[in-house]
Amino acid sequence: MSKAKIKRYRCAECGAISLTWSGRCQTCGGWGTLFEEKEEDLPGRPRESYAKKITLSEVGEIRRFPTGIDELDRVLGGGWVEGGVVLLGGEPGVGKSTLLLQSAISMAEGGKKVLYVSGEESPSQVAMRAKRLNARDGNLFLLCTDDIDEALQAAGDVEFLFLDSVQTMRDRDEGGWPGSPLQVRVVAQKCIELAKALGLPTVLVSHITKSGQIAGPKLLEHMVDVVLFFGGDKTSRFRVLRSEKNRFAGCDEIGIFEMTERGLAAVFDPSKVFWNEMALSEPGVAMGVMLEGTRPLVSEFQALACATPFMYPKRTARGVDLNKLHLLLAVLERRANLSARNFDVYVNIVGGISTKDPGVDLAICMAIASTITDKPIPRDVCFLGEVGLSGEVRPVARAALRIREAERMGFKKIVMSRYEKGEKSCNIKQIGVESLKEAVRMMLS
Ligand code: TYD
Ligand code: MG
């Protein structure tokens with residue numbers, strides 16, 4: 001007797017399985033994300049290439065290929081990887097296509113065969129951009145299509161595949177519009193399979209949602225090897241490339257670019273970008289040294305406190321987590337007697353960079369303290385330190401490196417935790433403080 005086939009539905013968003021179809025996934029609440037699971041989707045079938053077991057010593061070295069852009073190599077940990085699939089996300093207009101095309105042009109000039117598939121632009125649009133980026137005729141192949149099978153067919157005899165973008169491609173055998181969870185998953189799955197089968201380094205450009213997440217199912221980020229985010233304030237020329245996930249290297253390096261008339265250029269002295277040297281000594285400005293990956297960056301933190309007309313004062317943070325701002329305001333009020341209760345508070349990092357580094361807490365607190373008291377901080381002073389809930393100033397990671405950077409940028413004094421070891425070889429005056437209150441008293445009274 002043959003077994004009756006049971007239909008199963010899988011949520012493209014969270015992967016939950018359901019035996020009945022419904023318009024909404026019961027697990028994650030996503031609308032229109034349940035799709036019938038095909039037999040070939042079912043787990044449990046080992047891929048042929050992995051079917052034979054091997055010892056660790058039989059596994060070959062990872063082959064890397066320079067991207068032709070040093071900052072991109074730095075973020076990727078040494079270049080594209082054989083068979084590695086990279087997802088590149090970012091706001092529209094930030095420069096994703098420009099970055100990829102620049103890498104494609106550079107590699108093609110080095111003799112590599114690169115296929116750039118665009119589902120968003122016409123050949124003349126891509127060619128126009130390529131011309132602007134000084135491309136010469138050679139090994140760079142263009143294909144403008146939204147059909148994933150056509151794109152993958154064309155990728156059979158090239159060495160690199162760039163797909164711009166995963167949300168505009170569609171598989172004609174599946175339902176749904178391009179960009180729907182099912183289509184995104186299927187398109188990505190096909191690209192990954194080809195990449196692994198041919199050892200083809202592949203990059204998938206991805207749109208992001210209004211809240212800054214990769215558009216499409218969360219599964220997409222699990223499926224690929226590397227997730228890169230290209231960000232930055234579009235009103236400024238500077239762009240920051242970060243990796244959120246990297247199966248082949250660490251995730252802590254960032255790449256800093258400037259958008260110029262001729263494409264993206266590396267920024268060699270990032271500290272200068274995030275520091276407006278020309279500004280006068282105004283209340284609400286404090287300098288700090290943040291650490292991004294292995295790079296110390298001198299950055300300018302700005303705060304503005306303004307009497308509020310509202311019952312609940314407004315707090316706005318750009319470049320800093322809003323919860324962090326709430327926390328630092330609470331510490332300032334309870335531990336340094338500086339209340340912002342009657343003020344709207346705005347905090348910003350100059351240059352459009354954002355950071356999660358706790359080593360800049362003290363600089364943020366000092367910028368807020370300076371605007372509340374309306375007293376400027378001398379321009380030759382820089383701050384370094386994490387601020388705890390009891391108002392203590394704590395040592396930071398890689399302090400010596402940051403102190404040297406502050407000295408290189410011309411600061412005369414650096415205020416930091418008393419318990420910091422410091423850097424003896426520097427001439428910059430290193431001032432240790434126990435608490436935030438002490439730092440405020442020293443600089444603003
Ligand atoms: P683009 O790479 O198309 O962004 P995305 O693919 O992320 O949507 O373009 C980014 C912006 O950069 C666009 O507004 C035009 C601008 N640009 C320059 O300023 N200089 C250049 O050389 C290029 C190619 C683009
Ligand atoms: Mg684009």
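Each residue takes its place number in the sequence, starting with 1. Ligands are counted one by one from 1 in listed order, and the atoms in each one are counted from 1 as well.
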Practice item. Could you verify whether a donor N or O on one side chain and an acceptor N or O on the other, from T168 and D146, lie under 3.5 Å apart? Key: no
Point to revise | Subset of ligand 1 atoms that lie under 4.0 Å from at least one heavy atom of R262 | key: 22 (O)
Check your understanding: Can you list the atoms of ligand 1 that are under 4.0 Å from a heavy atom of E91?
Key -> 7 (O)
Practice item. Determine how many protein N/O/S atoms sit closer than 2.8 Å to the Mg ion (ligand 2), leaving waters out since they are not shown. Key: 1
Point to revise | Residue P92 vicinity, atoms of ligand 1 by number, heavy atom under 4.0 Å | key: 8 (O)
Point to revise | Identity and separation of the nearest protein heavy atom to atom 3 (O) of ligand 1 | key: R129 NH2, 2.6 Å
Exercise for review: Please confirm whether G263 comes within less than 3.5 Å of ligand 1 when only nitrogen or oxygen atoms on both sides are compared.
Suggested key: yes
Check your understanding: Should the proximity of T260 to ligand 1, defined as any heavy atom under 4.0 Å, be assigned to the side chain, the backbone, both, or neither?
Key -> backbone
Practice item. Number the atoms of ligand 1 from 1 as they appear, then name those within less than 4.0 Å of a heavy atom of E261, with their elements. Key: 20 (N), 21 (C), 22 (O)
Point to revise | Selected option - heavy-atom contact closest to atom 11 (C) of ligand 1, from G89, G90, G93, A130 | key: G93
Check your understanding: What protein heavy atom is closest to atom 6 (O) of ligand 1, reported as residue, atom name and distance in Å?
Key -> S97 OG, 2.6 Å
Exercise for review: Assess the side chains of S165 and E120: does a donor N or O sit below 3.5 Å from an acceptor N or O?
Suggested key: yes
